[in-house]
Amino acid sequence: MRIAIFANEGRKSMLVSRKLHQKFKDTHFILDNEKPDIIVTVGGDGTLLAAFHQYQNILDKVRFVSVHTGHLGFYTDWRDDEIDDLVISLQSDNGQSVSYPLLDVKVSYIDQLRPESFLALNEATLKRNSATLVTDVYIGGELFEKFRGDGLCLSTPTGSTAYNKSLGGAVIHPNLRVLQMTEIGSINNRVFRTLSSPMIIAPNDWVTLYPNRESDYILTVDQNSYHGRQIKQITFKTSKKSIHFAKYRHMQFWQRVQDAFIGAEYAN
């Protein structure tokens, strides 16, 4: 089995990364950052997101395992003091995995013939720099509304627990391969109207935005930001691709939500 270790630059993460490196060598795993079978991330959810984007071209060939070195992350299953157990689990690997759906983002620019494609694990957002976002919103190819406000957030089911949740969006189980559109500071008065409610979009549908032709848009895809260009249109659709996590002790989704936001001590 070929293993890649992807760690953030924190002192604790680097220490755990070095320990893992030595343990994998001692147990005769092959360390391979180019063509791994398993990617072990060390840090938190931000580290996992960075690793996902680095290896997004081979998602069908790899599984992820995450070790957290700070506060418990939503995607991280192992603590930094459990790496011996993690190595033992990898030695008895049977190829099982749990999969989460992703979000396809396709952007057409005014000054570019071919659109650019992105893949998101959590969400993508469109905003403007210190100005109101005005965009036509199409769903499944049909005009739905003209949105005015701070921005729009399109999220995956697992991403529904991130920025989307802070906007008042619903938390969605990842077995539902849908996307969610949530408004950010919409303007609703006697002149302007939006639905003013999160929307769950079916897997065979898609959302297309046609924003006014300004050049101060800020597009985010997970933790990455793109700005300074005139956008012709953006299309969001549930991706046919998925991210796969090695299923050694992968926490069930609702248990993960409870642990992240409520805590077992408050559930009774």
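Residue numbers start at 1 and run along the sequence shown.
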At what distance, to the nearest 0.5 angstrom, does [atom1] of [X] lie from [atom2] of [Y]?
{"X": "Thr158", "Y": "Asn122", "atom1": "OG1", "atom2": "CG", "result": "5.5 Å"}
{"X": "Thr41", "Y": "His68", "atom1": "OG1", "atom2": "NE2", "result": "11.0 Å"}
{"X": "Ile39", "Y": "Ile243", "atom1": "CD1", "atom2": "CD1", "result": "8.0 Å"}
{"X": "Ile5", "Y": "Met14", "atom1": "CD1", "atom2": "CE", "result": "10.0 Å"}
{"X": "Asn212", "Y": "Arg128", "atom1": "CG", "atom2": "CZ", "result": "7.5 Å"}
{"X": "Ile38", "Y": "Ile30", "atom1": "CD1", "atom2": "CD1", "result": "13.0 Å"}

Pi-cation contact, Phe24 with Lys19 (under 6.0 Å, within 45°):
no
Could you tell me which residues satisfy ring pair (Phe, Tyr, Trp, His ring centres under 6.0 Å) with [X], sequence neighbours excluded, listed by chain and number?
{"X": "Phe6", "result": "none"}
{"X": "Tyr55", "result": "none"}
{"X": "Tyr226", "result": "Phe118"}

Side chain to side chain contact (heavy atoms under 4.5 Å, CB included) test vs Ser99 passes for just one of Arg177, His244, Lys241, namely His244
Just jot down the side-chain hydrogen bond (donor to acceptor under 3.5 Å, both in side chains) partners of [X], sequence neighbours excluded, or say none.
{"X": "Asp26", "answer": "Gln22"}
{"X": "Lys127", "answer": "Tyr163"}
{"X": "Thr125", "answer": "Thr220"}
{"X": "Thr208", "answer": "Thr235"}

Please report, to 0.1 Å, the donor-acceptor pairs under 3.5 Å made by any side chain of residues 142-152, with sequence neighbours excluded.
unit_1, atom_1, unit_2, atom_2, d
Glu145, OE1, Leu195, N, 2.9
Lys146, NZ, Asp136, OD1, 2.8

Are Lys165 and Glu123 close enough, and set up right, to give a salt bridge (Lys or Arg N to Asp or Glu O under 4.0 Å), and what steps lead you there?
CA-CA 11 Å; Lys165 182 176 180 297; Glu123 76 278 308; over 6 Å; no
Any donor-acceptor pair under 3.5 Å from Thr156 side chain to Leu121 backbone
yes
Do [X] and [Y] have a side chain donor and acceptor closer than 3.5 Å?
{"X": "Asn94", "Y": "Tyr248", "value": "no"}
{"X": "Ser13", "Y": "Thr69", "value": "yes"}
{"X": "Asp216", "Y": "His227", "value": "no"}
{"X": "Glu183", "Y": "Thr194", "value": "yes"}

Side-chain hydrophobic cluster, 4.5 Å single linkage: members besides Ile172:
Leu176, Val178, Ile200
Apply the hydrophobic cluster definition, ILVMFWY joined by side-chain contacts under 4.5 Å directly or through others, and give me every member besides Leu15.
none
Suppose the criterion is salt bridge (charged side-chain N to carboxylate O under 4.0 Å, His left out): which pairs have a residue in residues 83-107, not counting sequence neighbours?
Lys23-Asp84, Arg63-Asp93
Ring pair (Phe, Tyr, Trp, His ring centres under 6.0 Å) contacts in which one or both residues fall within residues 182-221, not counting sequence neighbours:
Tyr138-Tyr210
For ring-ring contact (aromatic ring centres under 6.0 Å, His included), just list the numbers for Tyr100 and Phe245, CA-CA rounded to whole Å, side-chain angles, deciding distance to a tenth of an Å, and then say yes or no.
CA-CA 8 Å; Tyr100 290 157; Phe245 289 88; 5.6 Å; yes
